[in-house]
Number of protein chains: 2
Amino acid sequence: MVTLKDISRDLGLSVTQVSRALGDHTDVNPQTKQRVRAAADRLGYRPNAVARGLKTGRSGIVAMVVSGTRSPEVSAHLLEIVMGLSAEFSRIGLRFVLHVAQPDEDTAQLHEDLFLAGGIDGFIVISPLRHDPRIKALRRLGAAFVVHGRDPDQRHVHVDIDNHGVGYRLADHLLARGHRRIAFLTAGDHTFFSQERVRGLRQAYADRGLDCAAAQVIGMPMIAPEGYRATRDLLSQTQPPTAIIAGNTMLARGVYAAAAECNVAIPGELSVITHDDGLDLFGTDTFDPPLGGTISPLSDAWVSVARTLQNMIAAQNDGLMECILPLGFREGGSVQSVLD
Amino acid sequence: MVTLKDISRDLGLSVTQVSRALGDHTDVNPQTKQRVRAAADRLGYRPNAVARGLKTGRSGIVAMVVSGTRSPEVSAHLLEIVMGLSAEFSRIGLRFVLHVAQPDEDTAQLHEDLFLAGGIDGFIVISPLRHDPRIKALRRLGAAFVVHGRDPDQRHVHVDIDNHGVGYRLADHLLARGHRRIAFLTAGDHTFFSQERVRGLRQAYADRGLDCAAAQVIGMPMIAPEGYRATRDLLSQTQPPTAIIAGNTMLARGVYAAAAECNVAIPGELSVITHDDGLDLFGTDTFDPPLGGTISPLSDAWVSVARTLQNMIAAQNDGLMECILPLGFREGGSVQSVLD
DNA sequence: CCCTAAATCCGAAACGTTTCGGAAAAGACA
DNA sequence: TGTCTTTTCCGAAACGTTTCGGATTTAGGG
């Protein structure tokens with residue numbers, strides 16, 4: 001391994017000056033810098049991240065811990081998220097690594113172990129639950145971390161979207177077109193984002209003076225097979241809903257499949273609408289008819305997540321920060337009015 | 001952060017003795033060990049992995065770099081692999097992390113950067129190509145790594161199965177039951193394992209004095225949609241094959257789907273057989289009729305991979321090691337004889 | 001009571017880097 | 001010539017750990 005000392009010996013300089021030259025500090029002669037850089041190149045010097053980490057207390061590595069899963073969709077979704085985060089972090093000079101835990105492993109403990117061992121500057125937490133134990137652990141440890149989403153039961157830095165707005169706008173879009181019996185396929189009640197969306201939906205009914213009892217809120221894992229199953233059930237009711245809100249595009253995929261199988265035309269006999277997180281996988285443009293709804297690309301979220309975490313690491317910024325990303329809307333062709 | 005120095009001060013001992021006590025060395029009084037351990041517990045001491053890494057040159061972290069992908073099946077497959085490796089490494093006290101590269105990123109360069117920065121003891125390489133650039137880079141750097149699979153163009157430590165045997169046994173099993181027109185759905189020719197399997201298949205024909213021209217070898221990405229498409233094509237031939245060998249269970253899934261859609265009965269009108277890597281996802285018991293073929297659980301491979309890498313890291317073992325895992329066979333109910 | 005060996009301890013150096021405080025040299029100005 | 005800046009450099013300490021070599025104490029054997 002080539003070290004600073006090797007370069008300094010080669011050049012007859014002190015280790016100090018070599019370090020400062022490579023770090024482009026001010027108090028080193030410009031042509032000395034050149035010589036040092038040349039020598040470093042020639043000898044194949046690579047700074048030792050471990051030594052640097054010991055001295056500076058920073059490794060340049062951020063991590064995310066996720067639980068393994070059996071669902072191919074969840075895996076694919078997860079990996080696309082990881083790719084997005086990875087790209088964003090490498091853009092700002094940080095390295096992003098993933099630790100995949102066993103499904104039954106205690107991830108809060110894992111975060112703690114990882115943090116206390118040192119060598120990890122910060123963490124990303126996604127899909128927080130209410131009273132999320134990972135967040136609790138990271139807070140207790142004083143670790144730098146940012147959450148994508150929000151746990152209302154604990155204060156923490158987060159990047160999120162306006163989920164109340166998502167529920168409101170999706171419902172309102174349907175209500176404005178005469179729909180009343182609306183089914184809302186969403187996550188279980190253990191997640192805040194789902195609670196918020198439901199609240200938004202109810203608000204939309206209320207703002208129009210309507211009774212939200214006409215809406216059916218159904219919680220489930222947000223993957224295609226569940227959307228399929230729920231839709232089959234819904235369509236076999238005596239009074240099936242005229243519109244379905246799918247919490248994400250995977251659920252929507254299931255809704256489309258079930259509708260096709262039941263010979264229910266979209267949007268003729270059933271309107272469908274979703275929130276689209278902009279992942280390639282299950283993109284709304286792969287739907288026929290094209291799927292409408294709110295849009296907020298995750299790729300935008302990752303930019304904020306990465307930058308925010310970088311700030312926290314650099315500045316020990318303890319001031320609570322929150323970043324709510326804007327919401328778009330795409331008309332699509334999956335909704336039809338039921339007004340006369 | 002609680003350090004050895006804190007403990008030593010608390011106990012009136014030297015840092016040396018504290019370190020040795022916690023390391024359970026011989027020349028420290030048993031009851032001193034107790035005191036030290038108690039103090040460490042009480043103060044909440046956690047060894048600093050970075051400092052230890054600087055001193056020992058080992059971090060206890062092994063990594064795998066993979067390219068991101070668009071295919072949900074590949075993602076799911078990958079994540080299950082990662083879970084398996086993760087479990088195995090954590091069992092032997094090493095930490096396994098994943099770095100997901102962009103699809104267009106140079107992974108060989110990434111391995112190099114990661115290694116030269118220090119802090120990573122070894123690497124896992126899966127799905128090697130011929131003349132694999134990652135292997136070339138790791139060899140050049142003298143890094144510890146083990147490959148699952150094999151690149152015959154370079155010497156390296158690897159854990160693999162007998163792929164010639166896989167091809168041979170699968171083909172032989174069908175040939176013994178009278179099949180001659182056999183389609184073999186496998187990976188492209190850029191992978192050694194596929195070449196070997198094909199060689200095995202040809203050998204099986206030859207050993208029976210048969211002309212292997214009756215076999216169709218078709219290369220493709222080994223995922224369900226491709227298996228589906230290929231099977232549709234095959235079944236629409238004027239003389240369709242009487243048996244299909246699917247390179248893995250994902251391909252087999254596609255084969256089953258296509259056969260069902262074409263109203264071709266398995267095994268009545270079409271025999272199917274596969275190599276099963278024992279992943280939960282697409283397990284052979286989820287097939288109807290149950291899918292037969294060779295078996296070699298990847299979970300077994302991970303045990304070897306982890307242990308081998310551990311040895312390499314510990315002992316700088318440069319002696320070329322190779323580990324060929326045994327092959328099982330499961331009869332299943334997906335093959336029928338075409339003999340009179 | 002002395003000598004040796006075992007048991008138990010400790011100081012100091014090392015890993016490779018960053019950085020603080022100062023030192024030397026050179027030029028500017030009086 | 002002497003003083004003051006500016007430029008350019010360097011020694012040494014520090015991060016937290018492991019480990020080598022030696023030091024001190026205690027026990028055992030004669």
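Each chain gets a letter, A, B and so on, in the order the sequences are listed, and its residues count up from 1.
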Whole angstroms only, please: what is the [atom1]-[atom2] distance between [X] and [N]?
X        : N      : atom1 : atom2 : result
A:Arg9   : C:dT17 : CZ    : C1'   : 16 Å
B:Gln34  : C:dT8  : CD    : C1'   : 16 Å
B:Arg58  : D:dG16 : CZ    : P     : 22 Å
A:Arg20  : C:dA23 : CZ    : P     : 17 Å
B:Asp27  : D:dG21 : CG    : P     : 14 Å
B:Lys33  : C:dT8  : NZ    : P     : 9 Å
B:Leu116 : C:dT17 : CG    : P     : 12 Å
B:Leu4   : D:dT18 : CG    : P     : 6 Å

Exercise. Between A:Asp10 and A:Arg42, is there a side-chain N and carboxylate O pair less than 4.0 Å apart?
Worked result: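 Looking at A:Arg42 together with A:Asp10, the answer is yes, because their closest N to O distance falls below 4.0 Å.
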For this session: Find the distance between CG (B:Leu13) and CZ (B:Arg20) and round it off to the nearest 0.5 Å.
Result: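 Answer for the CG-CZ pair, B:Leu13 versus B:Arg20, is 13.0 Å.
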Exercise. If you measure from OG on A:Ser86 to CG on A:Leu79, what distance do you get to the nearest 0.5 Å?
Worked result: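 Going from the OG atom of A:Ser86 to the CG atom of A:Leu79 covers 9.5 Å.
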Give [X] one of three labels, base, sugar-phosphate or nothing, depending on what nucleic acid heavy atoms sit under 4.0 Å from its own.
X       : value
A:Thr32 : sugar-phosphate
A:Thr3  : sugar-phosphate
A:Asn48 : sugar-phosphate
B:Val50 : nothing

Exercise. Within a strict 4.5 Å, meaning less than it, do heavy atoms of the B:Gln17 and B:Thr32 side chains meet?
Worked result: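 Side chain of B:Gln17 against side chain of B:Thr32, heavy atoms only: no contact under 4.5 Å found.
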Could you check which of [options] has an atom nearest any side-chain atom of [X]?
X       : options                : value
B:Arg52 : C:dT17, C:dC10, D:dT17 : D:dT17
A:Leu54 : D:dG16, C:dC9, D:dT18  : D:dG16
A:Asn29 : C:dC9, D:dT17, D:dC9   : D:dC9
A:Met1  : D:dT8, C:dG16, D:dT17  : C:dG16
B:Lys5  : C:dC15, D:dT19, D:dC15 : D:dC15

Exercise. Which of parallel (below 30°), tilted (30 to 60°) and perpendicular (above 60°) describes A:Phe89 and A:Phe96?
Worked result: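 Answer is parallel, since the angle falls under 30°.
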Problem set entry | Residue whose closest nucleotide on DNA chain C lies nearer the 5' end, B:Val28 versus B:Thr56 |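 Closest to the 5' end, via its nearest nucleotide, is B:Val28.
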Problem set entry | Residue closer to the 5' end of DNA chain C, B:Lys55 versus B:Pro30 (nearest nucleotide) |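 Looking at DNA chain C, the more 5' nearest nucleotide goes with B:Pro30.
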For this session: Using only side-chain N and O atoms of B:Gln17, determine if any of them is under 4.0 Å from OP1 or OP2 of C:dC9.
Result: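 B:Gln17 to C:dC9 OP1/OP2: side-chain N or O found under 4.0 Å.
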For this session: May I ask you to verify whether the side chain of B:Ser14 and the base of C:dG11 hold a donor-acceptor pair under 3.5 Å?
Result: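 A donor-acceptor contact between them is absent.
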Exercise. Donor-acceptor pair under 3.5 Å: do we get one between A:Thr16's side chain and the base of D:dA12?
Worked result: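 Such a pair exists between side chain and base.
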Exercise. Do A:Asp132 and A:His156 have side-chain N/O donor and acceptor atoms under 3.5 Å apart?
Worked result: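 Not at all, the side chains of A:Asp132 and A:His156 share no donor-acceptor pair under 3.5 Å.
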